[in-house]
2 protein chains.
Amino acid sequence: MKLSEGVEWGLHCVTVLAGLPPRATLPTKALAEYHGLSETYLAKHLQALTNAGIIESLPGPKGGYRLRRAPEEITMLEVVEAIDGREPLFRCAEIRQRSPLTQESAQYRVPCGIHIAMARAEKAWRDALRTQTIADIVSHYQQSTGEQRLQESAEWIAGRMRQI
Amino acid sequence: MKLSEGVEWGLHCVTVLAGLPPRATLPTKALAEYHGLSETYLAKHLQALTNAGIIESLPGPKGGYRLRRAPEEITMLEVVEAIDGREPLFRCAEIRQRSPLTQESAQYRVPCGIHIAMARAEKAWRDALRTQTIADIVSHYQQSTGEQRLQESAEWIAGRMRQI
DNA sequence: GAACGATTACTCGGATACATGGTGTCCGAGTGACGCCGG
DNA sequence: CCGGCGTCACTCGGACACCATGTATCCGAGTAATCGTTC
């Protein structure tokens with residue numbers, strides 16, 4: 001089992017968009033180039049983020065993507081679920097019920113202990129992602145990156161950015 | 001992303017094996033029949049559990065599988081990792097470094113905030129699975145299942161079990 | 001000079017192929033139990 | 001009656017196809033800026 005590559009792409013793109021001035025946009029081409037990704041495939045994931053209400057798209061020339069909400073209001077879990085789906089990691093097929101000596105019975109409506117334990121672990125994972133916002137990521141990035149590099153990035157992005 | 005079906009199979013089979021008397025074994029055929037699974041495919045997963053040192057196999061007639069350690073000493077995480085692999089859910093490709101303005105620099109050896117956050121969430125998931133042992137699952141099963149059903153299961157298994 | 005309109009270039013969006021890994025199956029090697037034979 | 005041996009049936013183990021999901025791509029629809037024309 002592994003998470004989709006697109007999750008990493010989406011998180012990084014949202015992080016970059018979070019660094020833009022208010023209402024400014026950045027097109028797919030710039031986001032793909034900045035991260036060295038396939039432009040067309042990245043578009044697919046940006047579309048998923050749009051459908052999830054995390055980012056929004058502006059069509060036409062000078063169009064592009066921008067955040068729909070403040071970085072503090074976007075959790076990592078939202079981005080992960082938008083791209084990777086909201087279905088649980090562990091889907092219990094309740095195979096315990098397939099025993100040849102199983103009769104139709106109400107007691108089997110109770111989920112098995114394995115199901116409960118897996119759900120608890122999954123909740124811990126989701127909770128950890130829910131407590132981390134995009135703003136936290138941006139903050140960490142700014143603190144862990146050199147001043148020169150920060151400015152170079154800002155300039156590179158500013159050159160492709162579209163202010164309204 | 002979803003966990004392999006085999007994880008559920010493995011957990012249930014280990015749970016059943018945990019209920020056997022000491023040193024007794026149960027063949028693949030019985031385990032598959034009990035859960036309504038494909039015998040040949042289940043064998044593949046049991047093989048993975050064997051390689052992981054969780055269960056052990058006895059060849060020849062009257063052979064089969066049995067636990068290699070006490071149920072209290074086997075965590076759910078071990079079973080999950082044995083079947084699904086020990087690789088991390090989120091493999092950070094550090095695409096932040098692919099930026100066209102990236103130069104070779106030591107600062108990039110520091111993992112990005114996204115990587116750190118994902119690793120923390122994954123650790124929470126693993127920790128939750130590590131604290132749950134097979135003995136806990138067995139205990140929960142015995143408490144949540146009716147007496148009649150428990151006895152029927154025990155008899156069915158006893159009929160296919162091989163005592164040494 | 002200003003306003004209107006057609007053109008145009010750029011954007012996103014969904015429908016379409018390819019590849020990798022999980023799913024499922026098969027047959028062969030190995031081993032201990034069983035039955036037979038001889039002492 | 002007891003011990004040894006050959007046969008056998010049953011077990012696990014690894015190598016081989018199949019399918020679903022993620023990966024990657026393309027082309028079409030839509031939109032706003034731009035430029036030219038006209039008043």
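These numbers come from the heavy atoms of this one structure, side chains and all, not from hydrogens, waters or symmetry mates. In what follows, chains are A, B, ... by sequence order, proteins preceding strands, each numbered from 1.
- With A:E56 as reference, A:R66 is the one residue of A:R23, A:R66, A:R69 to meet the salt bridge (Lys or Arg N to Asp or Glu O under 4.0 Å) rule.
- With rounding to whole Å, A:K44 atom NZ is found 12 Å from D:dA24 atom P.
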Next item on the list: Would you check, one step at a time, whether the test side-chain contact (heavy atoms from CB on, under 4.5 Å) holds for B:L20 with B:Y65?
Entry: CA-CA 10 Å; B:L20 262 53; B:Y65 288 100; over 6 Å; no
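- Within 4.0 Å of A:T40, counting heavy atoms only, lies at least one base atom of the nucleic acid.
- Rounded to a whole Å, the CZ atom of A:R66 is 14 Å from the C1' atom of C:dC12.
- Under a 3.5 Å cut-off, the side chain of A:T131 and the backbone N or O of A:A128 do form a donor-acceptor pair.
- As rounded to whole Å, 13 Å separates atom C1' of D:dG13 from atom CD1 of B:I55.
- Closest of all the heavy-atom pairs between A:A32 and A:E39 is CB-CA, 3.6 Å.
- Following rounding to the nearest Å, B:L26 (CG) and D:dT11 (P) show an atom-to-atom distance of 11 Å.
- Of the candidates C:dG24, D:dA24, C:dG13, C:dG13 carries the atom nearest the A:T50 side chain, counting heavy atoms from C-beta on.
- At the phosphate of D:dT23, OP1 or OP2 sits under 4.0 Å from a side-chain N or O atom of A:S4.
- With rounding to whole Å, A:L46 atom CG is found 15 Å from D:dT25 atom P.
- Residues A:R86 and A:A52 share a closest heavy-atom pair of NH2-CB, 4.0 Å.
- With respect to the salt-bridge test (charged N to carboxylate O, under 4.0 angstrom), the residues B:E33 and B:R160 qualify.
- Rounded to whole Å, the distance from CD on A:Q163 to P on D:dA33 is 14 Å.
- Aromatic ring orientation, A:Y41 versus A:W9: perpendicular (interplanar angle above 60°, classes split at 30° and 60°).
- For C:dT25, the OP1/OP2 oxygens have a side-chain nitrogen or oxygen of B:S38 closer than 4.0 Å.
- At whole-Å resolution of the value, CD in A:E56 and C1' in C:dG13 are 16 Å apart.
- Under 4.0 angstrom from either OP1 or OP2 of D:dT25 there lies no side-chain N or O belonging to A:Y41.
- In this structure, A:E5 atom CD and D:dG22 atom C1' are separated by 10 Å, rounded to whole Å.
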Protein-nucleic acid N or O pairs under 3.5 Å, nucleotides 4-11 of chain C:
unit_1, atom_1, unit_2, atom_2, d
C:dT11, OP1, A:R162, NH2, 3.4
C:dT11, O4', A:G60, O, 3.1

